[in-house]
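Have a look at the structure below before the remarks.
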Amino acid sequence: MPEAENAPANFIEQIIIDDLKTGKWAGRVHTRFPPEPNGYLHIGHAKSILLNFGLAEKFGGKCNLRFDDTNPVKEEEEYVESIKRDVRWLGCDWEDRLYFASDYFEQMYAWAVQLIEAGKAYVCDLSPEQTREYRGTLTRPGRNSPYRDRSIEENLDLFKRMRAGEFPDGSRTLRAKIDMAHPNLNMRDPVMYRILHAPHHRTGDAWCIYPMYDWAHGLEDSIENITHSICTLEFENHRPLYDWFLDQLHVHHPQQIEFARLNLTYTVMSKRKLLELVRERHVAGWDDPRMPTISGLRRRGVTPAAVREFCRRVGVAKFDSVIDIALLEHCIRADLNKTAPRVMGVLRPLKVVIENYPENQDEELDAINNPEDPAAGTRKVPFCRELYIERDDFREDPPRKFFRLAPGREVRLRYAYFVTCTGVIKNEAGQTVELRCTYDPATRGGDAPDGRKVKGTIHWVSARHALRADVRLYDHLFSKPDPDDVPEGQDYRANLNPQSLVVLPGCPVEPSLGTAQPGDRFQFERLGYFCVDPDSAGGRLVFNRTVTLRDTWSKLEKKMRENSRPEH
RNA sequence: UACCCGGUGGUGUAAUCGGUAACACACCAGGUUUUGGUCCUGGCAUUCCUGGUUCGAGUCCAGGCCGGGUAGCCA
């Protein structure tokens, strides 16, 4: 896939270009992707990852992977590993720059002591509830804590004892002494440290006080010599505090820049909601192919190249936008169209018997592996008297513009012969269970020597040679573009799409698929792109539908149906 | 009702000292085709509003309107 041609610079690139021009950072560009290891990464994180690593690459700089592990009660080693895997999968390389905020705890503590000594921080004994009360509201100023004017000596002593574990959780905090009447609530003496007697996944029980995000994050950036600290819009109000801490300490001071996070139609992106979907079993897990997680996309069969191209096209700005999921689907198709081998498989089989084809005969026909890539070559596909075709490819009473099979009508079986439908066999219930056809031996390979044309070409699988596969058809997880668009009293779960997963067991597929491995991607001709699920391990073939092909016919048919419907 | 940030077609992103609104997706209409796929062609916005500055404003100024964020000892 052609990546990042000379696209116009987004506003962050513009800032960097200007900085380079003025020599602000001595020509350096150093970014970082700083996830908290408290969950799985989703495509919104992919935007951030690609932005940060992309900037570094574009301007000859570096990008760190840093785990912002300052809250031990929410974080786990398992998440660290999954995040590393996902970042790598996207094609980003942090080389030797893997860092953890927890490695800086000692330095952060020393800086906190420095702030106390400068009279800029104090130990506060207010309870969490009292702290909230004293903070005031959006429209009312806060009040000073009664502990705000403790002596430096007392603060130093108390802070040391907080670290030593003398006090219970929630009993005291270390706060910055700024301004309780500040219009920005983040500046009303924010908490820097809280007491948390909780084991940390990396530091164990070495600490029982942990730094808050606002205190820690700028220090982490500073320690790592970051130049541009890029985060999402909701941290805009935190920037004055980010700047304040760094200014007080007179240390390296990166520039914080905020951009809009990625939102997609027909899905949710918040960690809380994704966690709920998993916990309440609306999906099979974090890597359920319907999830917008990186692991879900991967299992779905989406390629890293498609995600990269998608994020590139989405752009970077400060406008709170919602991207049409159709753009992602387009990027997936565009990539897979160029790379996925074609294959034939039938989702909803209808048996066809070629009456004039000898009972015990069979033969192999040549099929093109990928018309977009001549180098992909050809393969043999077996043919015999009994075949399966798609139920959708036959209509006893065909509507206008239906080019497929119908009684008396002739179509082409892809790479095989022209066949004409001569009979329809039904069961007692009146359902079509089998078709009788005749074939024209002269049309072998799909062309008629007499120049005869057919309107339709359909796919098929030889009944005798077919392999059986379970196919999972995935659709949008939610049935509305905005899952939060619900009546009063309901929530996004009310919009869960009951059809988001349809499993079709035992679908006949061509025998060349016998060697397919988990992760392999194919285009099932005329249907869509599918990939082999890891569940196939036991020798049983399981496919996930990544995305359908564009389907002009179903669109047309739907429109005709609507038009023929009586008015009002 | 406080502070901060935004507002260009159905959806996004551009227009870099103010100079005749570009690209993509979606949608619509055609063409090609052994995938109703791909590919190709065409259609689809007077830039939230009102004033102002200017020969000229999406870009600058003023006022308004609308949307988002913020009251964790989460990040």
Side-chain angles (χ1 to χ4, degrees), chain A residues 7-10 14 17-18 34-36 38 68 70-71 73-75 124 126-129 131-133 135-142 169-175 182-188 190-196 209-210 212-214 216-217 231-240 258 260 265 271 313-331 333-334 337-338 342 344 367-368 371-372 401-404 412-416 443 445-447 454-459 481 523-528 548-557:
Chain A
N10 61 51
Q14 200 51 251
I17 289 168
D18 292 345
E36 180 188 17
N38 69 342
D68 202 4
T70 57
N71 184 4
V73 304
K74 287 191 173 179
E75 297 153 7
C124 178
L126 253 26
S127 71
E129 300 71 41
T131 303
R132 181 169 7 98
E133 285 166 22
R135 184 159 36 231
T137 69
L138 294 176
T139 50
R140 301 235 177 296
D169 289 2
S171 60
R172 290 179 218 264
T173 56
L174 182 74
R175 302 176 68 178
H182 198 106
N184 181 340
L185 301 236
N186 292 126
M187 300 297 275
R188 320 243 261 229
V191 172
M192 296 165 61
Y193 277 93
R194 74 283 212 183
I195 300 173
L196 228 46
I209 58 172
Y210 290 94
M212 296 288 291
Y213 168 87
D214 286 307
H217 205 87
C231 60
T232 44
L233 250 29
E234 67 270 28
F235 291 104
E236 247 168 348
N237 295 329
H238 294 246
R239 191 178 350 119
E258 310 86 12
T265 55
K271 241 171 212 177
R313 291 195 190 206
V314 155
V316 178
K318 299 193 73 165
F319 179 65
D320 210 349
S321 59
V322 182
I323 310 295
D324 191 336
I325 189 98
L327 180 61
L328 208 212
E329 294 169 348
H330 171 266
C331 292
R333 290 191 188 104
N337 177 50
K338 296 277 183 255
R342 272 57 170 173
M344 291 197 284
I368 295 167
E372 303 291 318
K401 295 193 179 171
F402 184 82
F403 301 150
R404 286 113 88 147
R412 173 168 36 231
L413 294 178
R414 179 140 234 233
Y415 299 126
T443 57
D447 276 316
V454 288
K455 296 287 276 274
T457 298
I458 65 175
H459 61 278
Q523 181 195 102
F524 283 18
E525 294 224 26
R526 303 209 302 132
L527 296 173
T548 62
L549 250 32
R550 281 187 60 206
D551 189 352
T552 313
W553 163 244
S554 72
K555 210 180 284 177
L556 213 199
E557 190 186 27

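Owing to the predicted nature of the structure, the values given are computational and were not obtained by experimental measurement. Chain identifiers are assigned alphabetically (A, B, ...) following the order of the sequence lines, protein sequences preceding nucleic acid strands; residue numbering begins at 1 within each chain. Below, each value reflects all heavy atoms present in this structure, side chains not excepted, and no hydrogens, waters or symmetry copies.
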Is there a donor N/O on one and an acceptor N/O on the other, under 3.5 Å, for the side chain of [X] and the base of [N]?
| X | N | answer |
| --- | --- | --- |
| Glu234(A) | rU70(B) | no |
| His238(A) | rA75(B) | yes |
| Arg550(A) | rU38(B) | no |

Sort out the partner of [N] for me: Watson-Crick or G-U wobble, both distances under 3.5 Å, none otherwise.
| N | answer |
| --- | --- |
| rG6(B) | rC66(B) |
| rA22(B) | rU13(B) |
| rU33(B) | none |
| rC44(B) | none |

Would you say [X] reaches [N]'s phosphate, i.e. side-chain N/O to OP1/OP2 under 4.0 Å?
| X | N | value |
| --- | --- | --- |
| Arg526(A) | rG36(B) | yes |
| Arg194(A) | rA75(B) | yes |
| Thr552(A) | rG37(B) | yes |
| Arg135(A) | rC73(B) | yes |
| Lys318(A) | rG68(B) | no |

Legend entry - Salt-bridge present (Glu258(A), Arg239(A); N to O < 4.0 Å):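 Yes, this pair counts.
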
Legend entry - Length of the line joining Leu138(A):CG and rA71(B):C1', which is rounded to integer Å: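 About 5 Å, once rounded to whole Å.
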
Inset, instruction - Measure from CG on Asp320(A) to C1' on rU13(B) and round the result to the nearest Å. - result: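 Distance, rounded to whole Å: 15 Å.
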
Legend entry - Syn/anti label of rG72(B) as read from its glycosidic torsion, with the cut at 90° from 0: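 Base orientation: syn.
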
Inset, instruction - For residues Glu372(A) and Arg342(A), determine if any side-chain heavy atom of one lies less than 4.5 Å from a side-chain heavy atom of the other. - result: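 Sidechains of Arg342(A) and Glu372(A): in contact.
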
